[in-house]
Colleague: 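Before we start, here is the structure in question, set down as structure tokens.
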Amino acid sequence: MLCAVGTVGCKAEGGKDRSPARATGNRTTTTARAALEAYCSAALGFATVEPPEIDDAASEAEQTTQLQQYASATLKPAADDLATDAPDEITSDVNVVVAAVDEMATSGDPAAYDNDTVELARGRLHRFELEHCDLATETVTMADFSFSAIDGVKAGSVSFDASNDGEEYHELAIIAKRPSTTLSFDQILALDDAATQQRHATYVGGIEPVAPGDTGFTVVDLRAGDYLVACFLPVGSTPEQFESDSEPSGDPHTARGMKREFKVS
């Protein structure tokens, strides 16, 4: 079986190599394809790693330790897999991401990863993955206060690429309804207790706040079922507010209708 594909080095009787000349090209192509598939798998694993659970009520030192532990135990193994399988043309960008994860594991400082240099590298990697990996793409437009239609989503790896056409910042949170629940998404969102909400639905990924005129992306692995995209930022989340670090007091954007249900089949 190992020699059935014309692999270089497979010999006929007497040790004479009778492989056709094209075998080298076939093997190279097959090897390159396998390496690319390995990278794409690692990229999906890195993109869908569980977010950190940081206790907002903990002290600053405790939160730093929690982030260090998350980066070391959860994010770093996924980043190392990414580096192992990275094609040559994107190695420099992968190295930027890996170095940022290593620094966050050492310092516990989120700014080690959340900065323009890492964002640019991740953007270039994402464009490579859209071109070379088997990723379905959903293009979403965010406005004040709505999402464009999301239809025909198939189970599997999906890239959500969102642009913000509004005047406020917007995020895109992807929420899956648990198969056991009989509640609607509106009923789930109306629940006051987060733990109770999580018995009926679960967060599967999302795009962090996007400035007006900018874009963002996330890659998620979706199973068949009922989903919701929603923006929970408060009304008044303008660029001026973000720059001033003040807390807007408005209702969440969902209260203005910024949510949309979709099905995955």
Side-chain angles (χ1 to χ4, degrees), residues 1-10 23-54 64-138 154-161 174 203-208 216-223:
M1 290 294 293
L2 292 176
C3 292
V5 194
T7 305
V8 172
C10 289
T24 300
N26 286 347
R27 184 189 185 200
T28 301
T29 301
T30 301
T31 302
R33 182 163 57 246
L36 181 59
E37 289 174 355
Y39 170 78
C40 290
S41 178
L44 177 62
F46 184 77
T48 57
V49 71
E50 290 292 327
E53 294 183 1
I54 305 299
T64 296
T65 299
Q66 290 170 7
L67 190 56
Q68 287 175 310
Q69 292 172 341
Y70 166 78
S72 298
T74 303
L75 202 56
K76 181 171 170 51
D80 289 343
D81 287 344
L82 202 66
T84 298
D85 298 310
D88 291 342
E89 61 263 45
I90 57 172
T91 296
S92 59
D93 285 322
V94 170
N95 287 342
V96 168
V97 173
V98 172
V101 172
D102 288 342
E103 185 179 345
M104 188 163 64
T106 300
S107 67
D109 182 3
Y113 188 81
D114 185 13
N115 59 65
D116 290 343
T117 300
V118 175
E119 184 177 347
L120 288 171
R122 289 184 63 238
R124 289 188 290 266
L125 292 176
H126 182 61
R127 288 191 290 274
F128 177 89
E129 290 152 17
L130 287 177
E131 182 177 353
H132 297 283
C133 301
D134 186 18
L135 274 178
T137 304
E138 290 295 323
K154 300 297 184 183
S157 305
V158 183
S159 174
F160 283 79
D161 293 79
I174 305 171
Y203 173 81
V204 297
I207 299 173
E208 295 183 352
F217 68 88
T218 188
V219 177
V220 289
D221 196 15
L222 300 180
R223 298 179 180 181

Colleague: So which atom in Q66 and which in E53 form the shortest heavy-atom distance, rounded to 0.1 Å?
Modeller: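 Heavy atoms of Q66 and E53 come nearest at OE1-O, 4.0 Å.
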Colleague: Determine whether D114 and M104 make a side-chain contact, defined as any pair of heavy atoms from C-beta on separated by less than 4.5 Å.
Modeller: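 Answer no - side chains too far apart.
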Colleague: What's the spacing between I174 CD1 and T218 OG1 if we round to 0.5 Å?
Modeller: 5.5 Å
Colleague: Considering non-hydrogen atoms only, spot the tightest contact between A83 and V98 and give its length.
Modeller: CB-CG2, 4.0 Å
Colleague: Can any side-chain N or O of N115 pair as donor or acceptor with the backbone N or O of A112 at less than 3.5 Å?
Modeller: yes
Colleague: Can you name the nearest heavy-atom pair linking E50 to T74, along with the distance?
Modeller: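 Here E50 and T74 meet closest at O-CG2, 4.3 Å.
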Colleague: Check for a donor-acceptor pair, side chain of T84 on one end and backbone N or O of D80 on the other, with a separation under 3.5 Å.
Modeller: yes
Colleague: Quick one: closest heavy-atom pair of V118 and A100, and the distance?
Modeller: CG2-CB, 3.6 Å
Colleague: Does R124 reach the side chain of I90, with side-chain heavy atoms less than 4.5 Å apart?
Modeller: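 Result no, sub-4.5 Å side-chain heavy-atom pair not found.
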Colleague: Strictly by modelled atom types, are Y39 and E129 linked by a side-chain donor-acceptor pair under 3.5 Å?
Modeller: yes
Colleague: Would you say that R127 contacts F217 through its side chain, given a criterion of any heavy-atom pair below 4.5 Å between the two side chains?
Modeller: no
Colleague: Return the CG to CD distance between D93 and E89, rounded to the nearest 0.5 Å.
Modeller: 10.5 Å
Colleague: Determine the minimum heavy-atom distance between L36 and P87, stating which atoms define it.
Modeller: CD1-CG, 4.4 Å
Colleague: Are T106 and D102 close enough that some pair of their side-chain heavy atoms sits under 4.5 Å apart?
Modeller: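 Of all side-chain heavy-atom pairs linking D102 with T106, none is under 4.5 Å.
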Colleague: Output the distance between atom CG (L125) and atom OG (S92), rounded to the nearest 0.5 Å.
Modeller: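 The CG atom of L125 sits 8.5 Å away from the OG atom of S92.
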Colleague: To the nearest 0.5 Å, tell me how far R33 CZ sits from H132 NE2.
Modeller: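 Spacing of CZ (R33) from NE2 (H132) equals 14.5 Å.
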Colleague: To the nearest 0.5 Å, how far apart are CD in E37 and SG in C133?
Modeller: 9.5 Å
Colleague: Drop me the distance from C40's SG to L135's CG, to the nearest 0.5 angstrom.
Modeller: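 Between atom SG of C40 and atom CG of L135 there are 7.0 Å.
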Colleague: Within the 4.5 Å heavy-atom criterion, are P110 and L67 side-chain neighbours or not?
Modeller: yes
Colleague: Are the side chains of T64 and D109 in touch, meaning some heavy atoms are under 4.5 Å apart?
Modeller: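 The answer is no, as the side chains (C-beta and beyond) never meet within the 4.5 Å cut-off.
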Colleague: If you compare all heavy atoms of V220 against all heavy atoms of F160, which two are closest, and at what distance to 0.1 Å?
Modeller: CG2-CE1, 3.8 Å
Colleague: Among all residues two or more places apart in sequence or in another chain, which pass the ring pair (Phe, Tyr, Trp, His ring centres under 6.0 Å) test with F46?
Modeller: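 F46 satisfies ring pair (Phe, Tyr, Trp, His ring centres under 6.0 Å) with no residue once adjacent residues are dropped.
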